[in-house]
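For the numbers below, each heavy atom of this structure counts, side chains included, while hydrogens, waters and symmetry mates do not.
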Amino acid sequence: MATSQRHHESNSKKSDISLRDVAEHSCTTEMPTGELAGAAGVDGMSEEEAEEEVFFKFVILHAEDDTDEALRVQDLLQNDFGIKPGIIFAEMPCGRQHLQNLDDAVNGSAWTILLLTENFLRDTWCRFQFYTSLMNSVNRQHKYNSVIPMRPLNNPLTRERTPFALRTINALEEESRGFRTQVERIFQESVYKTQQTIWKETRKMAQREFIA
């Protein structure tokens with residue numbers, strides 16, 4: 001068990017370094033209007049406050065112009081499939097830097113849904129989000145297979161125009177007759193529980209290091 005924990009810590013450190021590297025080489029990246037913040041970090045938080053935080057089942061990363069479509073998909077997954085709680089990136093509270101917001105969104109949820117629309121390619125920040133999410137899923141073992149590209153009903157991005165890195169991943173196709181089966185196969189409660197446990201342990205460990 002100790003070996004597994006050290007492995008997760010090592011993976012987390014590698015991911016943090018990689019995120020900083022991406023930030024340094026993406027100084028020209030366009031950011032969305034306003035400060036979009038993720039869940040609050042553990043710095044300065046009491047243990048009771050940390051316990052009150054929610055580990056989401058999914059977060060939807062989307063282009064700024066696709067907020068309404070992201071809300072529709074969120075409602076679909078939560079109310080039609082019972083996959084809750086979920087959140088879209090635009091709903092997250094303000095107050096933190098963009099890179100930290102993205103890290104909180106991805107690591108504060110079991111699955112990261114990339115909303116593939118035509119706006120996706122026009123939004124530089126959106127491309128930055130998907131590269132960072134993929135990198136995180138590679139560097140952290142428990143996040144493997146947690147990035148889910150999705151083509152919604154409205155204004156979907158064609159397969160031909162989809163970035164190559166995302167074409168290698170089976171995407172959710174809302175217009176497909178097999179959509180319901182895809183959703184039920186991907187969003188397994190056992191996977192959510194495993195990631196939630198690791199998330200809680202990581203936060204407690206970080207809080208102890210901060211207090212020390």
Side-chain angles (χ1 to χ4, degrees), residues 32 36 38-39 53-92 102 104-123 125-138 140-200:
L36 299 178
E53 292 223 53
V54 177
F55 182 69
F56 293 96
K57 287 200 172 180
F58 66 86
V59 60
I60 300 176
L61 303 184
H62 56 88
E64 192 172 8
D65 291 339
D66 286 331
T67 298
D68 288 342
E69 184 68 355
L71 285 169
R72 184 190 66 79
V73 172
Q74 177 194 29
D75 181 73
L76 172 72
L77 293 176
Q78 290 193 132
N79 296 326
D80 288 14
F81 291 92
I83 305 169
K84 57 180 72 173
I87 193 169
I88 72 169
F89 198 67
E91 287 182 322
M92 305 189 82
L102 180 58
D104 288 342
V106 171
N107 292 307
S109 59
W111 291 278
T112 301
I113 298 174
L114 305 176
L115 200 64
L116 300 184
T117 68
E118 288 295 331
N119 294 323
F120 182 88
L121 290 182
R122 293 193 288 267
D123 196 323
W125 168 243
C126 211
R127 292 199 299 270
F128 178 82
Q129 287 178 319
F130 101 72
Y131 277 119
T132 304
S133 301
L134 287 178
M135 179 179 63
N136 187 65
S137 69
V138 170
R140 297 185 176 181
Q141 187 181 37
H142 67 285
K143 300 297 286 186
Y144 183 69
N145 280 342
S146 65
V147 177
I148 312 296
M150 177 176 174
R151 293 186 180 88
L153 284 178
N154 301 312
N155 198 28
L157 183 66
T158 64
R159 292 179 182 83
E160 293 74 21
R161 287 168 50 77
T162 300
F164 177 76
L166 292 180
R167 276 186 280 165
T168 63
I169 305 173
N170 289 329
L172 275 174
E173 309 272 357
E174 191 176 358
E175 67 176 359
S176 169
R177 281 184 288 181
F179 178 68
R180 176 170 292 276
T181 300
Q182 277 187 299
V183 170
E184 292 172 350
R185 186 182 71 248
I186 291 172
F187 298 96
Q188 297 287 333
E189 185 69 18
S190 59
V191 175
Y192 171 75
K193 292 295 185 183
T194 297
Q195 289 209 38
Q196 183 183 46
T197 298
I198 294 173
W199 176 76
K200 288 180 178 180

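A salt bridge does not link R151 with E175: none of the charged nitrogens is closer than 4.0 Å to a carboxylate oxygen.
Q129 places a side-chain heavy atom less than 4.5 Å from the side chain of L102. Contact of the H62 side chain with the D123 side chain is not registered, since no non-hydrogen atoms from C-beta on lie closer than 4.5 Å. Two residues are said to be in side-chain contact when any heavy atoms from C-beta on lie closer than 4.5 Å; P85 and F56 meet this criterion. By the 4.5 Å heavy-atom criterion applied to side chains, L77 and K57 are not counted as neighbours. Looking at heavy atoms from C-beta onward, K143 lies in side-chain contact with N107 at the 4.5 angstrom threshold. Considering only heavy atoms from C-beta on, L76 comes within 4.5 Å of D80 through its side chain. I87 has its side chain out of reach of V54: every pair of non-hydrogen atoms, C-beta onward, lies at least 4.5 Å apart. For the pair L134 and L166, the minimum side-chain heavy-atom distance is below 4.5 Å.
Judged by distance alone, the side chains of D65 and N119 never bring a donor and an acceptor atom under 3.5 Å apart.
At most 12 non-hydrogen atoms from other residues, nucleotides or ligands lie less than 6.0 angstrom from CG of N170. Within 6.0 Å of OH on Y131 lie no more than 12 heavy atoms contributed by other residues, nucleotides or ligands.
Across S146 and S137, no two heavy atoms sit closer than the pair OG-CB, 4.1 Å. T162 approaches T158 most closely through the heavy-atom pair OG1-O, 2.8 Å. Residue F120 comes nearest to P163 through the heavy atom pair CE2-CG, 4.2 Å, listed as atom of the first residue, atom of the second, then distance. Minimum heavy-atom separation, Q188 to R185: NE2-O, 3.1 Å. Here the closest heavy-atom approach between residue E118 and residue R161 is recorded as OE1-NH2, 3.0 Å. When all heavy atoms of S133 and L61 are compared, the closest pair comes out as OG-CD1, 3.4 Å.
Only one option out of I198, T197, V191 pairs with Q195 in a side-chain contact (heavy atoms from CB on, under 4.5 Å); it is V191. The side-chain contact (heavy atoms from CB on, under 4.5 Å) with M150 is formed by just one residue from the set L116, I60, I113; it is I113.
Classification of the Y192-W111 ring pair by plane angle, with boundaries at 30° and 60°, yields parallel.
In this structure, CD in E53 is found 12.0 Å from NZ in K200, a value given to the nearest 0.5 Å. Remark: N79 CG to K84 NZ distance equals 5.0 Å, nearest 0.5 Å. With values rounded to the nearest 0.5 angstrom, E173 atom CD is found 10.5 Å from L153 atom CG. Between the CG atom of L114 and the CZ atom of F130 there is a distance of 8.0 Å, given to the nearest 0.5 Å. For the atom pair L71 CG and I88 CD1, the distance stands at 3.5 Å (nearest 0.5 Å). Atoms CZ and CZ, on F58 and F187 in that order, are 7.0 Å from each other to the nearest 0.5 Å.
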side-chain contact (heavy atoms from CB on, under 4.5 Å) between E69 and L115, worked out:
CA-CA 9 Å; E69 184 68 355; L115 200 64; 4.0 Å; yes
